[in-house]
Amino acid sequence: MTTTSTLSVDCGGGGIKASVLDGEGTITSRAVRTPTPYPLPPTKLVDTIAGLAEQLPAADRVTVGMPGMIRHGVVVATPHYITKDGPRSRVLPELVDEWAHFDMGRAVSDRLGVPALVLNDAEVAGAGVVTGHGHEMIVTLGTGLGNAVFDNGVLAPHVEVSQGPVRWGLTYDDYIGEHERLRLGDAHWSRRVRRVVEALRPMYMWDRLYLGGGNSRRITPAQLARMGDDVVVVPNEAGMTGGARCWAMTRD
């Protein structure tokens, strides 16, 4: 019996990594990684993905998770990739224009010669951890904040929570992103994460909230305990392993 293999690519603000998954989402190859190159026009990201794919076994399809608002594989907005040197650096107007409405799904599929699914990176991570029962949400903590919602295993339309205002003119990305964690230290930063969870709870009323991303493991046990039994920390690897499962979870 043959299964569909998936090249799963996780595009972050600081690095881009890829590996090949089997039909169950198990990683079957070594992972390859490269620093995210800046400035990063769409064509350079496609080239970078192709370069990683060349280092791995051939796959039947490809999943790309990337930051920002992505609709049906088309980039509506992406916060990090429009900057000169990466997160918190100067926005380049020419990159804003190049990324706006860029059909990333088609570009990746044409370049690699296989079907491509391009989603927000938190949506891919969520696909790797949700049970498929009830109203489930994931918030990823890394360079910034990512989020996705699943209703009985079906991915809901994306809301870019990261760009919402919090206080002092900061967005959620600013408020609990990596820059603030380094500035504040894990203890103070963890209190901010708890406040964000408390703010999102009455808006989303989830059955379960998953906290993922590379910084989720840095939340202090004391603050995690105060968030409630419906909040669970999950491994960062979900951003990769969800690349297979998400194909069955997206809306037509």
Whether the [X] and [Y] side chains hold a donor-acceptor pair (N or O, under 3.5 Å, no angle test) is what I'd like checked.
| X | Y | answer |
| --- | --- | --- |
| Glu136 | Thr131 | yes |
| Arg194 | Gln223 | yes |
| Asp22 | Thr3 | no |

[atom1] of [X]: more than 12 outside heavy atoms within 6.0 angstrom?
| X | atom1 | answer |
| --- | --- | --- |
| Arg208 | CZ | no |
| Glu24 | CD | no |
| His188 | NE2 | yes |
| Arg90 | CZ | no |
| Arg33 | CZ | yes |

Do any N or O atoms from the side chain of [X] and from the backbone of [Y] form a donor-acceptor pair under 3.5 angstrom?
| X | Y | value |
| --- | --- | --- |
| Trp189 | Glu180 | no |
| Asn236 | Gly214 | yes |
| Thr140 | Gly213 | no |

Write down the atom of [X], the atom of [Y], and the distance for their closest heavy-atom approach.
| X | Y | value |
| --- | --- | --- |
| Gly68 | Glu160 | CA-OE2, 3.6 Å |
| Gly239 | Val124 | O-CG1, 3.5 Å |
| Pro67 | Cys11 | CD-O, 3.2 Å |
| Pro93 | Val91 | CD-O, 3.5 Å |
| Val161 | Leu200 | CG1-CD2, 4.0 Å |
| Gly243 | Thr6 | O-CG2, 3.5 Å |

Do Glu198 and Arg195 sit within salt-bridge range, that is, some charged N less than 4.0 Å from a carboxylate O?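 No, Glu198 and Arg195 are not salt-bridged.
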Taking the basic N atoms (NZ, or NE/NH1/NH2) and the acidic carboxylate oxygens, is any pair closer than 4.0 Å for Arg111 and Asp47?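 Asp47 and Arg111: salt-bridged.
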Do Arg201 and Asp230 pass the salt bridge (Lys or Arg N to Asp or Glu O under 4.0 Å) test, and can you show the C-alpha distance, the side-chain angles, and the key distance before you say yes or no? CA-CA 10 Å; Arg201 184 186 296 276; Asp230 59 346; 2.6 Å; yes
